[in-house]
Amino acid sequence: MNELLIIVLSGLSGIILGTLFFAGLWWTMRKGLASPRPALWFLGSMLCRTGIALAGFYFVGSGSWKRLLASLLGFIIARFIVVRLTRLHVSPTESPPEDKHANHA
């Protein structure tokens with residue numbers, strides 16, 4: 001039972017790491033695209049998010065492939081959750097905005 005608890009906690013840690021990573025990516029996209037220097041936003045965010053994720057996987061995994069796999073699975077689950085929560089909502093009666101230049105192809 002103790003091993004199962006550790007695996008579940010590793011999965012939850014992966015969900016937390018994934019949420020930080022992908023929510024940070026979403027936040028960076030919003031800030032970076034409106035910034036006069038987007039390269040600094042994207043580079044700084046990538047280094048920070050990747051460093052946090054790698055350090056988290058290192059400490060959660062701590063030499064056990066089962067813990068590392070559970071945390072990776074949680075990371076992937078968090079990706080789907082964050083994408084679902086941050087998706088733009090378009091009502092069925094509303095058509096998405098059209099780009100005037102998109103019809104040329």
Side-chain angles (χ1 to χ4, degrees):
M1 186 65 180
N2 192 19
E3 181 71 19
L4 181 62
L5 180 64
I6 291 173
I7 297 297
V8 169
L9 290 176
S10 297
L12 290 175
S13 298
I15 290 174
I16 292 169
L17 287 172
T19 302
L20 288 173
F21 186 88
F22 292 109
L25 177 61
W26 174 76
W27 182 77
T28 302
M29 291 298 296
R30 291 178 53 93
K31 292 290 185 180
L33 292 175
S35 172
R37 293 185 177 174
L40 291 176
W41 277 99
F42 293 126
L43 181 64
S45 173
M46 182 192 66
L47 291 174
C48 184
R49 288 181 296 110
T50 303
I52 290 170
L54 286 177
F57 283 133
Y58 179 78
F59 287 116
V60 170
S62 63
S64 171
W65 67 270
K66 292 177 185 177
R67 290 187 221 164
L68 191 60
L69 187 63
S71 62
L72 181 62
L73 181 63
F75 190 85
I76 293 169
I77 290 169
R79 178 196 176 270
F80 289 110
I81 292 170
V82 171
V83 166
R84 178 90 171 159
L85 292 176
T86 58
R87 183 174 293 164
L88 293 176
H89 296 287
V90 177
S91 67
T93 59
E94 218 178 284
S95 63
E98 293 185 23
D99 187 11
K100 294 179 183 177
H101 303 289
N103 294 330
H104 66 80

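Heavy atoms only: backbone and side chains are in, while hydrogens, waters and symmetry mates are out. These figures come from a predicted structure and were not determined experimentally.
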Side chain to side chain, Phe22 and Val83, heavy atoms closer than 4.5 Å
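Sidechains of Val83 and Phe22: no contact.
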CG on Leu20 to CD1 on Ile15, rounded to 0.5 Å:
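These two atoms lie 12.0 Å from each other.
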Leu69: which residues meet the side chain to side chain contact (heavy atoms under 4.5 Å, CB included) condition with it, sequence neighbours left out?
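Leu69 satisfies side chain to side chain contact (heavy atoms under 4.5 Å, CB included) with Trp65 only.
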Can you list everything that forms a side chain to side chain contact (heavy atoms under 4.5 Å, CB included) with Ser10? Sequence neighbours excluded, please.
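By the side chain to side chain contact (heavy atoms under 4.5 Å, CB included) rule, Ser10 matches Ile6, Val60, Arg67, Ala70.
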Under 3.5 Å, sequence neighbours excluded: what are the donor-acceptor pairs made by side chains of residues 72-82?
none

Taking only distance into account, with no hydrogens and no angle test, what donor-acceptor pairs under 3.5 Å do side-chain atoms of residues 38-54 form with protein atoms, sequence neighbours excluded?
unit_1: Trp41; atom_1: NE1; unit_2: Ser35; atom_2: OG; d: 3.3
unit_1: Ser45; atom_1: OG; unit_2: Thr28; atom_2: OG1; d: 2.6
unit_1: Ser45; atom_1: OG; unit_2: Arg49; atom_2: NE; d: 2.8
unit_1: Arg49; atom_1: NE; unit_2: Ser45; atom_2: O; d: 3.4
unit_1: Thr50; atom_1: OG1; unit_2: Met46; atom_2: O; d: 2.8

